[in-house]
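Values below: every heavy atom of this structure, side chains too, minus hydrogens, waters and symmetry copies. Since the structure is predicted, the reported quantities are computational estimates derived from the model, not experimental observations.
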Amino acid sequence: MRTITLGYDDGPAARTALDWAARSAARDGSELDITTVTSGLGGDARRIDRMLEDAARRVHDTAPGVHVEVHRVDGSMPKALAEDARSADLVVVGIRRGSPVKAVLASKPLRLIAHAHGPVAFVPDGWAPNDHPVTVGVDDDDSSRAALLFAAAEADAAGAPLRVVHAWSMPVPTLEGSVALISSPLQVKDQHRRILKDAVQQARAAAAVAPIEDVLVSSAPTPALAHLAPQSSLLVLGTHRRGVVTGGLLGSVAQDLLGRVSTPIVIAPNGR
């Protein structure tokens with residue numbers, strides 16, 4: 001049985017994330033663990049316990065069959081949540097729209113990914129369910145493999161289409177890059193079309209997903225995925241898992257999209 005851990009603080013974004021997590025758990029029979037990190041909420045244990053009981057009651061009202069556990073953890077966010085969710089299959093947190101993580105160096109979303117041991121879902125306040133495809137962005141290296149497999153499984157469980165997106169552009173010629181100088185746009189496009197085709201084959205092998213839409217876009221990845229976000233039930237992205245300060249932890253695409261779109265985003269890093 002899959003376990004979903006929800007980081008909960010009773011704010012509007014957290015309540016939206018709770019509804020998203022409950023819906024996801026009900027769909028595939030996952031167990032939902034609602035966790036509050038007490039460092040930011042003061043020491044009123046009874047108030048926190050009532051908050052968690054209300055959250056569990058909300059899940060039971062909207063998704064009666066879901067098994068719910070609630071508890072609080074002492075520590076600081078997001079490290080305490082990540083450590084508590086070490087064995088979880090998915091960590092879910094709410095995020096406020098209008099506060100992109102790129103504007104805040106080493107923000108909590110970035111640090112949560114740094115500490116997390118698996119995929120993390122960021123659910124924006126204002127999210128509403130829909131029947132759109134699950135969209136996954138694939139890169140031209142192996143950083144997207146875990147994201148692709150996660151997206152295929154999610155689409156399969158939801159009975160939703162899977163949309164595999166690969167954005168490409170012509171390389172910038174350099175004095176050392178003789179290959180870039182002689183490659184034609186058609187040759188480069190064909191190389192990226194093969195990358196997309198391979199990704200679709202991996203998705204088909206991983207889950208019984210039907211249909212799969214493949215989208216090859218001549219564009220930078222961020223605008224391509226931002227354009228498709230309103231037509232998606234979920235965006236799934238990979239990461240190289242580099243340091244926060246370098247800006248490479250989520251990659252510029254995730255940093256640009258988190259907090260800006262109304263679609264939930266899952267960051268699925270490859271194994272450590």
Side-chain angles (χ1 to χ4, degrees), residues 2-78 80-82 84-85 88-101 104 107-113 116 119-132 134 154 158 229-230 232-236 257-267:
R2 189 173 75 152
T3 300
I4 299 173
T5 293
L6 171 73
Y8 192 73
D9 64 4
D10 201 32
R15 288 193 292 272
T16 303
L18 174 67
D19 293 341
W20 186 89
R23 181 183 175 92
S24 179
R27 188 185 61 216
D28 61 12
S30 296
E31 178 179 297
L32 180 57
D33 183 8
I34 304 173
T35 301
T36 290
V37 178
T38 58
S39 62
L41 296 173
D44 189 344
R46 285 185 296 179
R47 180 176 62 84
I48 294 171
D49 288 343
R50 285 196 302 270
M51 180 187 73
L52 289 171
E53 290 170 5
D54 289 343
R57 192 175 302 112
R58 182 175 179 131
V59 174
H60 290 313
D61 290 343
T62 58
V66 173
H67 178 72
V68 181
E69 297 284 343
V70 299
H71 67 285
R72 37 192 173 88
V73 176
D74 293 325
S76 59
M77 273 288 288
L81 176 63
D84 183 68
D89 299 288
L90 177 66
V91 178
V92 181
V93 292
I95 186 170
R96 288 183 298 130
R97 289 192 65 190
S99 35
V101 299
V104 184
S107 66
K108 286 184 180 180
L110 293 178
R111 287 185 284 125
L112 179 55
I113 291 295
V120 180
F122 298 92
V123 183
D125 51 5
W127 163 82
N130 61 62
D131 296 324
H132 296 323
V134 173
E154 286 295 299
S232 305
S233 58
L234 182 68
L235 287 179
V236 186
L257 293 176
L258 274 172
R260 294 186 182 275
V261 299
S262 59
T263 305
I265 296 178
V266 169
I267 309 298

| query | For the residue pair R2 and S30, what are the closest heavy atoms and their distance? | reply | NE-OG, 3.1 Å
| Would a distance-only check, ignoring hydrogens and angles, find a side-chain to backbone donor-acceptor pair under 3.5 Å from S233 to N130? | no
| Would L234 and W20 count as a side-chain contact (heavy atoms from CB on, under 4.5 Å) if you check the C-alpha gap in whole Å, the side-chain angles of each, and the deciding distance to 0.1 Å? | CA-CA 11 Å; L234 182 68; W20 186 89; 4.0 Å; yes
| task | Could you check if a side-chain atom of R15 sits within less than 4.5 angstrom of a side-chain atom of D10, using non-hydrogen atoms only? | result | yes
| Is any side-chain heavy atom of W127 less than 4.5 Å from a side-chain heavy atom of D19? | yes
| Enclosure of D61 CG (heavy-atom neighbours >12, cutoff 6.0 Å) | yes
| task | Check whether any side-chain heavy atom of D49 lies under 4.5 Å from a side-chain heavy atom of R72, and answer yes or no. | result | yes
| request: Step by step, work out the side-chain contact (heavy atoms from CB on, under 4.5 Å) result for V93 and L81. | output: CA-CA 10 Å; V93 292; L81 176 63; 3.8 Å; yes
| task | Answer whether the closest heavy-atom distance between the side chains of M51 and D54 falls below 4.5 Å. | result | no
| Taking every non-hydrogen atom, the tightest pair across A55 and L18 | O-CD2, 3.8 Å
| request: Would you confirm whether R97, through its side chain, and G259, through its main-chain N or O, come within 3.5 Å as a donor-acceptor pair? | output: no
| field | Atom of S24, atom of E154 and distance for their closest heavy-atom approach | value | OG-OE1, 4.4 Å
| When rounded to the nearest 0.5 angstrom, what is the spacing between CG in L257 and CD1 in I267? | 8.5 Å
| note | What one should report as the nearest heavy-atom pair of A229 and L235 is CB-CD1, 3.9 Å
| query | Is a side-chain N or O of T3 found less than 3.5 angstrom from the main chain of E31, in a donor-acceptor match? | reply | no
| request: With rounding to the nearest 0.5 Å, note down the distance linking CG in D74 to CG in D84. | output: 11.0 Å
| query | Nearest heavy-atom pair of V266 and P119: which atoms, and what distance? | reply | CG1-CB, 4.1 Å
| task | Report the distance from atom CZ of R47 to atom CG of L52, rounding to the nearest 0.5 Å. | result | 10.5 Å
| field | Nearest-0.5 Å distance, OG1 of residue T36 to CD1 of residue I48 | value | 7.0 Å
| Audit row: L112, M77, side-chain contact (heavy atoms from CB on, under 4.5 Å) steps and yes/no | CA-CA 8 Å; L112 179 55; M77 273 288 288; 5.6 Å; no
| remark: Between L6 and A17 the two heavy atoms that sit nearest each other are CD1-CB, 3.8 Å
| task | Establish, from distance only, whether the side-chain atoms of D125 and T16 form a donor-acceptor pair under 3.5 Å. | result | no
| query | Got I95 and I265 here, is their nearest side-chain heavy-atom distance under 4.5 Å? | reply | no
